Amino acid sequence: MLMLALTTLGMAAEESAGEEASDNAPDLPELLSHLAETGNESMRFEETRPSSLLAEPVTVTGTLQRDGDRLIRETSTPRRETQTLTASHVEIRRPGGFRQRFSLSRAPELAALRQALLALLDGNLDQLDQHFKHALAWEEQAWTLELTPRGPDTAERVHKLTLAGQEYRLESMTLELTDGDQIQTRFLRPESEHDSSSE
Amino acid sequence: MKAALKVLACLSILVALGAFALSQLELDYRLDAFLPAPADPEQALVVDQISAGPGGRIVLAAVAGGSSDELVAFSRELAERWRQLEDVVRVDNGEFQLDPDTEQRLMQARFLLLPDVDERLTEQALEQALADRVADLALGGRQVEELIRRDPLGMLPELAARLATIDGGEQHDGIWLDADGERALLAVISAWPPFAIAEQTRLVEQLKSSFQDLPDSADFRLTLGGAPVIAVDSADQSRSEAITLSLIGSGFLLLVLSLAWRSPTMVLAGALPLAAGVVAGLLVTALAFDQVHGLTLAFGFTLLGVALDYPIHLFAHAGDRRLAIAARSISRPLLLGAASTLIAYLAIWASTSPGLAQLGAFSAAGLATAALVTLALPSLGIQPPARGPGMVRYWPYLPWLPLLLATLALVALVMQGEQRWSSDLTRLSPVDNQALIDDVELRQAMQTGDVRHMIVIGKPTLDQTLEAAESLVDKLPEAKARGWLAGWNTPTDLLPSPARQAERRAAWPDRAAMAEQLHAADPRFQPEAFQPFLQDLDGLGELGTLGPDSWRGTALELRLDSLLAEDGDRWRALILPVGLTDADALGDWLNELDTSARLVDLRATSEAMVNAYRRDAGFSLSIAMGLIALLLLIRLGSLRLAGSVLLPPLAAILCTAAIMARLDGGLTIVHLVGLLLAGGIGLDFAIFARTMADERRQRARTNRAIGLCCLSSGGVFLILGQSDIGLLRMLGMTVALGILLSWLFAKTCQPPARHL
């Protein structure tokens, strides 16, 4: 019994050592705690997603904000709408009173996106751990966090979620689906720059 | 001992006969059986709607307990579980779901179902639709591609929104919650009409057990309402309570009679007239009617309570004489009383309501048989233990008292005005009061679950009916703009008139033109993107004209059937207003329009029916009353004597009516039945008290008999009056009070004996 525990510990140490390229680079908890400082601000994003129906990928622009355990995406193109992601469903509202909801079980990729971003914005390692296997890599000031979903329902649809950034800032996210679709998201610097002190 | 065996043998034969007759009867629990036969199409509609209307198949469910988030999750789980049940057509809890087959058929028919084809095909409309599809792709990706290929104009979601059954009101995370967010609301569409009791019972049990099977069900409470549940309750739950109360009542009766007669043989023999009456009643009802309503039996047994008194009179008058002599001596008053009561029951038999007619037939046949069997009891060779006539106790002779009280009661009833009557149909439902309150409350929470108002259109042919409905629906936006209603459900959403279908068919371009228009509207899409849609459009040529049978076998069949029906040689379409705020204005506006459409208020119509019904019953009973007075006059030979016999029961009925009208907030048909029974028993009391009290010993026997009758029958109905079921409580209390007053008045109207 003791042997088993020791072996497991050793493997964990080995694994975390392999993840970090340089000795003085911040580990995941530190990165998360820094990322969390900007957790309640709204982020501008630009997302591209290909479709076999379209000649060019769709580009979605808008802002992303959290509200408690909900993630709110307000898009301005291709259509002005608000997408609210809760634990169980997505609600879509459009100007003119249109409202539609569908279950997140029908869109596991959105569930994965919400779980990952909320954990990141909260700086909550446990939460991240609960939903994903993770691997962090640093190269100079740049980092890449690869998340692989643990839940079988999510894994059936989502292959991998890769987050990347400079220093303590999240810059991009790539959601790779099992059907081959890739959703690329770039996070833009906030228009007002007065919070650059967070660097 | 030999007599006891004979009695036992007779009783066994009667019980066996009764059980056989009961097993042969086809019992019917339709709620409308106690409603009068409809006099016009509007009333026919009300009876239809009450028994099998669109509201009639909806089980309303509320789940309480837990936070709103927990309720939402639980509602999803529960709906999912319920959707698997065999007797369930659909479960609505806010998420609109279509089964694949229905969705497929809607897809095929969508070109014919949606209006304004030209407006959908303008360049601007197409651009907007395709921009929306790009946004859908951005959100849903590959998963929504298939749907977009087939439905780039978003016609299916639009149809689905039009076809949502009821507006469950507040939505929380897509699930219906009540206004306070404390209960999740669900609507289950049953596969069966409300009067299919066996199937509905199975459904309600399955709904409850699948609720309990859910892992977290202990934290939640389920309340069910709606017509199917009410029907099951009335058949089931109320039956079990009625049985319990009847058992207690029978036990009480057995105790009283055993103490009074001190002979098991007599107690058994005392049951013979009643048993014979029940068997005769069952036989006559079964022969005269195709089906017997469950309530007829319950009420019928009750009305036969009069017969319970007959052996009491007989045995009391035996004293130390032979029973045959007693039978001869009481035959005159007994038959006079029975004949009078019979007149009243025959008057009920003439009623237009099938339920009441059955009740009259059952009770009349039963009563006549019981009276004759009572007089034949001595032939069994039984003899009550000899006992002295007992003492005649002093009782004040105050004939003016009933007269005074009757006058006061009459004044009170007159002063109460129309409120002395209750026209609320739901009070006549034989259901636990709490179930009724739950039902009303759930309907309110569901907002449009109350289908009180409906626009009715009737025309000789189907096509004319559909065209009339369409031309009205074309004008309804005007009424909506004035704020009278928020929307409507019309059968033409599923079945447009052939003319409209042809118009729409013609308005769609051919495949090549459509492909070109789509490409021009949004060149971002690949040229081949909408092949499935174009194939559907191509298939439109082969799709025949939709007819009333086009939705058979789908989840939409019930919806169309509830809104469109063939009624004799006419067709009838119902348009249900949603969010109606000003029924009067809408009704006036409809009348001014040059159409045949009328706004029917089910509640007002049903109240008018109940009123007419009561007037009918009142009229029959007044005639019966006149006939009874005439009969008494002829048999008793003196106006004064006839009057003094009629006064006590009449005064008792009036006083009981005045008291119950106050206590119960208005009298219903059930009260009238109770008053009738009390009147019959009271008349017997008065006849015996007046015509068999001249001689001291006879007077002592008569008064003992009346006292015992009052104690036994009054006690039984007092026990029945303790029920939670409004109907049983009203009946029990009315009869108990009526019997008590009849007894008191009969005694106070008994002049001092001459031979004391």
Side-chain angles (χ1 to χ4, degrees), chain A residues 45-62 68-70 73 75-92 94 96 98-110 113 156-158 175-185, chain B residues 67-77 79-80 93-97 127-152 154 157-158 160-161 170-176 518-519 522-533:
Chain A
F45 72 90
E46 189 181 279
E47 177 185 291
T48 56
R49 182 169 196 170
S51 164
S52 64
L53 297 191
L54 298 169
E56 302 274 319
V58 200
T59 304
V60 183
T61 59
D69 69 339
R70 305 188 305 172
R73 280 163 46 112
T75 66
S76 44
T77 58
R79 172 168 58 187
R80 184 168 293 280
E81 70 182 23
T82 307
Q83 301 160 358
T84 307
L85 278 65
T86 74
S88 58
H89 72 272
V90 193
E91 181 183 89
I92 298 167
R94 292 179 203 146
F98 175 93
R99 288 215 299 185
Q100 194 185 27
R101 297 178 188 79
F102 56 89
S103 167
L104 268 192
S105 61
R106 282 167 57 194
E109 66 269 31
L110 292 176
L113 191 133
E156 199 177 302
R157 178 100 187 105
V158 178
L175 190 64
E176 283 175 57
L177 301 181
T178 48
D179 61 15
D181 266 5
Q182 267 202 10
I183 305 168
Q184 308 258 11
T185 310
Chain B
S67 69
S68 44
D69 285 344
E70 286 164 343
L71 283 171
V72 164
F74 191 78
S75 169
R76 282 212 176 86
E77 268 178 81
E80 199 50 51
N93 64 341
E95 313 168 288
F96 189 80
Q97 292 204 331
E127 268 176 29
Q128 182 59 49
L130 293 186
D132 282 347
R133 297 299 85 76
V134 171
D136 291 345
L137 280 173
L139 187 69
R142 214 165 275 219
Q143 279 188 311
V144 296
E145 284 180 1
E146 194 192 340
L147 182 65
I148 289 177
R149 281 177 194 278
R150 193 156 183 203
D151 192 27
E158 187 181 336
E170 299 279 317
Q171 287 203 341
H172 182 95
D173 288 1
I175 297 294
W176 291 332
L518 285 172
H519 185 68
D522 196 334
R524 284 180 287 177
F525 281 94
Q526 303 275 13
E528 299 295 297
F530 304 125
Q531 280 309 317
F533 173 68

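To find a chain, count down the sequence lines: A is the first, B the second, and so on, and within it residues start at 1. All of these numbers come straight from a predicted model, not from anything done at the bench. Quick note: numbers below take in every heavy atom, side chains included, and nothing from hydrogens, waters or symmetry partners.
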How many angstroms lie between atom CG of B/Asp136 and atom CD1 of A/Ile92, to the nearest 0.5 angstrom? 7.5 Å
Take a 6.0 Å sphere around CD of B/Gln531 and say whether it holds more than 12 heavy atoms from other residues, nucleotides or ligands. yes
Quick check: closest heavy atoms across A/Arg49 and B/Arg142, and the distance to 0.1 Å? NH2-N, 4.3 Å
With rounding to the nearest 0.5 Å, note down the distance linking CD in B/Glu145 to CG in A/Asp181. 7.0 Å
Residue B/Asp132 versus chain A: region with a heavy atom under 4.5 Å: both
Run the side chain to side chain contact (heavy atoms under 4.5 Å, CB included) test on A/Val60 and B/Leu139 for me, step by step, so that the C-alpha distance in whole Å, both residues' side-chain angles and the decisive distance to 0.1 Å come before the verdict. CA-CA 9 Å; A/Val60 183; B/Leu139 187 69; over 6 Å; no
Give the minimum heavy-atom separation between A/Ser52 and B/Gln526, together with the two atoms involved. O-CG, 3.4 Å
A/Leu110 portion near chain B, given a 4.5 angstrom heavy-atom threshold: side chain
So which residue, A/Gln83, A/Glu56, A/Glu81, ends up with the most heavy-atom pairs under 4.5 Å with chain B? A/Gln83
Specify the closest pair of heavy atoms between A/Glu47 and B/Ala138, including all atoms of both residues, with the distance to one decimal. OE2-O, 4.0 Å
Minimum-distance pair of heavy atoms, taken over all atoms of A/Glu109 and B/Gly140: OE2-O, 4.1 Å
Decide yes or no on side chain to side chain contact (heavy atoms under 4.5 Å, CB included) for A/Arg79 and B/Val134, but give the supporting numbers first. CA-CA 8 Å; A/Arg79 172 168 58 187; B/Val134 171; over 6 Å; no
I need the A/Leu54 CG to B/Asp522 CG distance, nearest 0.5 Å. 8.0 Å
Which atom names give the shortest non-hydrogen contact between A/Pro78 and B/Ala135, and what distance separates them? CG-CA, 3.7 Å
Among the options B/Pro523, B/Pro157, B/Ala131, B/Ala529, pick out the one with the most heavy-atom pairs lying under 4.5 Å from chain A. B/Ala529
Would a 4.5 Å heavy-atom cut-off, applied to side chains only, mark B/Arg524 and A/Ser51 as touching? no
